[in-house]
Number of protein chains: 2
Amino acid sequence: MKSAKISEAVVRRLPIYLQALNELHSREIGTVSSQELGQRLDLNPAQIRKDLAYFGEFGRKGIGYDVIYLIEKIRQILKVNQTINVALVGAGNLGLALCNYNKYSKDNMKITAVFDDNPQKIGTKINNLLVQPMDELVETVKQGEIRIGIITVPAVEAQNVANRFVEAGIEGLLNFAPGILRVPEEVRVQNADFTRELLSLAYYLNQDEEEDEDGSTLD
Amino acid sequence: MKSAKISEAVVRRLPIYLQALNELHSREIGTVSSQELGQRLDLNPAQIRKDLAYFGEFGRKGIGYDVIYLIEKIRQILKVNQTINVALVGAGNLGLALCNYNKYSKDNMKITAVFDDNPQKIGTKINNLLVQPMDELVETVKQGEIRIGIITVPAVEAQNVANRFVEAGIEGLLNFAPGILRVPEEVRVQNADFTRELLSLAYYLNQDEEEDEDGSTLD
DNA sequence: TAGATTGTTAATCGATTAACAATC
DNA sequence: TAGATTGTTAATCGATTAACAATC
């Protein structure tokens, strides 16, 4: 079992379910139906049930899903029930923000190493983590069982950093720099380039008052 | 024309095309075919042609697309050929990072106002921008013709900030806080919650060496 | 028992890709 | 003219949604 390939769309929804469930849990709600969850997330209940069913039977007919149990199951599926070590390259403002966030995170992904190529930054501390020079990346990643790399350097340096990570045997990369990263296909790259988000957001802005001969534009 | 509803998938790809074209332009490449572009972006050439064809006929048969012309056209489609004013709430590290990025951005989205509720931060300057108190948000957004809001506050405050923006008549929101934002449907919300990205990245990690009775796991 | 809700199959819908006439 | 490549239609593929038997 678990053999069928799970689509990316499904995987992208799992963290959303997890967030919603965590919130329900914090409000001491013990059980939730796919309908309630769907309402809250603007998703079709059938879709939620189907997504979950790819991984097992987690609900009870006539009742719904036990919140705590489902949280645990999704955490297993996403592999965040175990500790996952993460390295960050680029100790700028963005890097700092991520490190800080990390401190409060309730899941088990931990930034355990930070790198930068700026001599001014090397040796300084961010949340008890020493900023290390790039030279030490490969060694540290291997030794520290670091499986995910976060790239928060300027666009021109991103590919170089990615190459180092690949050399170190990284399994996944979260890339905040604009542009395409070229990596071997066994390395998963997730893009978090907010300029893209901002540009597509602009598309949905109301059309500016251009000379619009007749008023009947949209449906 | 331009009446057919464009799918979100298409809109999400336009910024990617734009990035690639900008890079081609910086390398002084004047013409590109859908095939070349597709290779570079790991996309099907037919898809690229079809995406562009929703908006007009931008290419030349037998030749390809003029890079400069296509950049201009996509910028028009995304409405980033005009200046778009943006407000940011949350002058933390993440907010700082975005303001800094803004400085170097080549497209016409400009952060023109920054807000925070921390008295320590109010009145300080970020890149020549005064950090304003939240009280002034509605007024400033209206007066300053600000159309997009960026939210970089902790999760618990995000909805409140969103409400203020809606009150001020914002058209789009880029939300970096985890969780779902409730807004009227005419306001577009784009999520940039990196915790989601990180969680889905974890899904694609190699399965840990769990007791795996028989070796034959994946196909 | 009656009502609720799951897991799952079948139907629908939409997005991607292939194919090709038009044409540079 | 021959080769390349667009714009677009038709075919394919995959994802979402509806429907319902099973069952709590």
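Naming: A, B, ... by sequence-line order, numbering from 1 per chain. Remember, predicted model here, so these are calculated numbers, not experimental data.
Of all nucleotides present, only C:dG7 satisfies the Watson-Crick or G-U wobble test against D:dC20, with each distance under 3.5 Å. Here C:dA15 sits opposite D:dT12 as a Watson-Crick or G-U wobble pair (both hydrogen-bonding atom distances under 3.5 Å).
When the C1' atom of C:dA15 is taken as reference, atom NZ of B:Lys50 falls 8 Å away, rounded to whole Å. One interatomic measurement links the two molecules: CD of A:Gln35 to P of D:dA18, which rounds to 12 Å at whole-angstrom precision. Rounded to an integer number of Å, the gap from B:Lys61 NZ to C:dT23 C1' is 6 Å. Rounding to whole angstrom units, NZ of residue A:Lys73 and C1' of C:dG7 are separated by 16 Å. When the C1' atom of C:dT6 is taken as reference, atom OH of A:Tyr54 falls 16 Å away, rounded to whole Å. Separating the CZ atom of B:Arg12 from the C1' atom of C:dT16 is a distance of 14 Å, rounded to the nearest angstrom. A straight line from CG of B:Leu52 to P of C:dT16 spans 14 Å, rounded to a whole angstrom. Rounded to a whole Å, the CD atom of B:Glu57 is 11 Å from the C1' atom of C:dA22.
A:Phe194 has its ring centre no less than 6.0 Å from the ring centre of A:Phe176.
An OP1 or OP2 oxygen of D:dT5 is reached within less than 4.0 angstrom by no side-chain nitrogen or oxygen of B:Ser34. In terms of phosphate contacts, A:Arg49 brings a side-chain nitrogen or oxygen within less than 4.0 Å of OP1 or OP2 of C:dT6. The shortest distance between the side-chain N/O atoms of A:Tyr65 and the OP1/OP2 oxygens of C:dG7 is below 4.0 Å.
Comparing B:Arg60 and A:Glu8 by the nucleotide of DNA chain D that holds the closest heavy atom to each, the one mapping nearer the 5' end is B:Arg60. Taking for each of B:Glu36 and B:Ala46 the nucleotide of DNA chain D with the nearest heavy atom, the 5'-most of the two is the partner of B:Glu36.
Distances were taken from every side-chain heavy atom of B:Gln47 (C-beta onward) to each of C:dT17, C:dT9, D:dT8; the shortest belongs to C:dT17. Among D:dT16, D:dT5, D:dT8, the nucleotide with an atom closest to any side-chain atom of A:Ala9 is D:dT16. Nearest nucleotide to the B:Ala53 side chain, out of D:dT9, C:dT9, D:dG7: D:dG7. With D:dC24, D:dT16, C:dA18 as the candidates, the nucleotide lying closest to the side chain of B:Asn44 is C:dA18.
Using a distance-only test at 3.5 Å, with no hydrogens or angles considered, no donor-acceptor pair links the side chain of B:Arg188 to the main chain of A:Leu205.
Between the side chains of B:Gln159 and B:Asn163, a donor-acceptor pair is found at a separation under 3.5 Å.
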- Run the numbers on B:Tyr65 and B:Arg49 for side-chain contact (heavy atoms from CB on, under 4.5 Å), then give the verdict. CA-CA 10 Å; B:Tyr65 299 90; B:Arg49 294 200 299 279; 3.6 Å; yes
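The local environment of CD in A:Gln35 is sparse, with at most 12 non-hydrogen atoms from other residues, nucleotides or ligands closer than 6.0 Å.
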